[in-house]
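Note sheet for the following structure.
We name chains A, B, ... by the order of the sequence lines, and we start the count at 1 in each one.
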Number of protein chains: 2
Amino acid sequence: MAHGGTPRPMKGIRQLAEHLDISIGTVSRALNGKPDVNEETRKRVLAAAEQLGYVANQSGRSLRQGTTNVIGLMIQSSKETVENSDNFFLTVTGGLQSVFSRHNLDLIMLPCPNDEDPYEYLKRMVARRIADAMIISETQRVDKRFDLLAKAKIPFAALGRSLSGTQHPWADLDFDGVANCAIDRLVAHGHRRIAISTPASDINLGFVFAEGYRRALERHGIAYDPALVIRAKSSEQGGYQVADELLRLEDRPTAVILIYELMAIGLYRRMMEADIIPGRDIAVVGFREAPRAKFLQPALTCFRTSLHDLGVELAEILLSSMPAYNHIYPKTNRQTTWPLELVPGESDAFHLTAAK
Amino acid sequence: MAHGGTPRPMKGIRQLAEHLDISIGTVSRALNGKPDVNEETRKRVLAAAEQLGYVANQSGRSLRQGTTNVIGLMIQSSKETVENSDNFFLTVTGGLQSVFSRHNLDLIMLPCPNDEDPYEYLKRMVARRIADAMIISETQRVDKRFDLLAKAKIPFAALGRSLSGTQHPWADLDFDGVANCAIDRLVAHGHRRIAISTPASDINLGFVFAEGYRRALERHGIAYDPALVIRAKSSEQGGYQVADELLRLEDRPTAVILIYELMAIGLYRRMMEADIIPGRDIAVVGFREAPRAKFLQPALTCFRTSLHDLGVELAEILLSSMPAYNHIYPKTNRQTTWPLELVPGESDAFHLTAAK
DNA sequence: ACGCACTCCGTAAACGTTTACGATACTATG
DNA sequence: CATAGTATCGTAAACGTTTACGGAGTGCGT
């Protein structure tokens, strides 16, 4: 006899079962949508669970069925990332969740501490079986994490492409496309000496961008000059530094492509200091459109994309590589480059007439 | 006899035990630093665990001892947050982790999906017992989450103070101090009509800031004018809107204090459009120093603080309210306002001579 | 009346760990 | 030598679920 007590916090499935005068097995089956349970009792169970606020204990569940219903997103909160990502991760996360939530999967973010090796951190998380699948980001040129996850047989996908030989799912921004588009545009405006920036750290996207740049130049029959590839931190300060190095060159480039939107701020400042005006004396093309670079005068030419949709794509790619969800997202191609769209500004809107 | 096989992934403590010819109880005790185990065998166990890469399964462990060794940080990735937080959370997270890691606690971030009610989301996470303790942020004026966590007897702390009657641990920026300092400074420069911005959403910090503003005015014997408290979104666009509204006022203020650094960008732009120059025609004081507002000309007067250290403080406050760690961090005061330091710029560096 | 298929539900065994308890061997003490 | 105490370890019972298995009841055809 239920005494209609106030809805106190549930202790476990056992209590819920005896509240209903049903065996715990039936309760479990009812909650999990198993077929062999009367539709009538299922309703009763669901109602009681709702009323008493019962939710299955995650530890018990995952211990039994070996699955956590959790997807982990590992992020490195290195100083550089924190200062420059411009909420990159939070935006992508929104897209990821919109897919995962459809399957009752919860996304958790796993921030690797600054003072811990990302590999060791991931190893710990994997061994603890804290998540069913992983998304990793900021992949390095040689990244042991791929092997780690593969050996542990944990499905994973990377935010950012792989350059090592290992074949695995990823989604990444189309650096190639950006480099091509930017260079096409600059060349059409008469530029021949075009510099680019590339990150100081050993991160994949730097190589990809530089490679796209090299090939685009080749396509236009322009010689590749290593002096024009400038390594700098991906920050406002880095942009300042890039400008500084450009000004030091004896044979100055007439255009520069930045790999981080933020850099434009510092670059503008340094250029202004030297009385060189972007869009008049030098052409500047930024990478990703960002709210914080919108104020720049003259307006920065850059590229726009939906990071939310990139997240959606990445989530689907990941699920398609998980046996339990493969039939829902039967992707054949699990490696995607995500397009960006040119947003023309004024920072490169001038034609080169004579040399120099 | 161990055959010196390759270190394959461990199946469980059982395998590790029979590898060592020891009972699983002893292995567990050895790994967990229990006293009643021979120092010699402990070394053997630790060595074998290291070599075979054994890490205790989290589900089994938490099921048994009812603890997860995980601290959850709930964040709402609402559009507004994403665009404006300027990596606020990632920075605070660094501070949090530096404390937690000392106690083998892992921090995970729980991003509440946009389309889910934060209360329901937290309820789910709590019921699943995914973490031992919680940190919540963006607390509302009336926030049911406090009661939820209290009833569930889950230790928690808030990033951002509480305004409801409930007594609970929090750490927050010193909005009062900022309002006081800003107004003192402005009044010293001769200003009497001073406007402030406050968030459009029902978030606590808005009320705190407005209240500090009101009291500071009172202290200087300046009448409070509700028309000078302008609600706007905490973004660049919001700043533009604030400027717009200020310009519309018949009796224009001579100074304005912004609650988000980003707003300064939009405000500057709108002011410039109206040929009103910050630092000459109107005094502008920003709130938190931010890399992305550094470029502003004239330089924005604002306030600096270490979000990392705020995270450290918050972590210690949380731990002090957890029975297991209380003896390590015996805090008496679990509600802290975190100081900010004035960074004088040019945006308010003029003295008012005559009225208007 | 009998067997069979089907629906629904209870029972109990897992999942991997920690830990209370008791057992054993050894040492010190009387 | 008997006894108590100590150090070390093995045993088994939990923790809260899910799920394979089997049993009870029902309906139906022969």
### Message
Strictly under 4.0 angstrom, non-hydrogen atoms only: write out the protein contact profile of nucleotides 4-16 of chain D, one letter per nucleotide from the 5' end, B, S or -.
### Response
----BBBB-BBBB
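- Shown are B:E316, B:H103, B:R334; of these, the side chain to side chain donor-acceptor pair (under 3.5 Å) with B:Y329 is made only by B:H103.
- For A:R64, there are no side-chain hydrogen bond (donor to acceptor under 3.5 Å, both in side chains) partners two or more places apart in sequence or in a different chain.
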### Task
Show the numbers, then the answer: is there a side chain to side chain donor-acceptor pair (under 3.5 Å) between A:N326 and A:S320?
CA-CA 4 Å; A:N326 180 30; A:S320 84; 5.4 Å; no
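- Within the structure, the ring pair (Phe, Tyr, Trp, His ring centres under 6.0 Å) test picks out the following pairs touching residues 128-151 of chain A (sequence neighbours left out): A:F146-A:H168.
- Smallest separation of non-hydrogen atoms from A:M125 and A:L110: CG-CD1, 4.3 Å.
- Remark: A:K34 is not in phosphate contact with D:dT18, judged by side-chain N or O atoms under 4.0 Å from OP1 or OP2.
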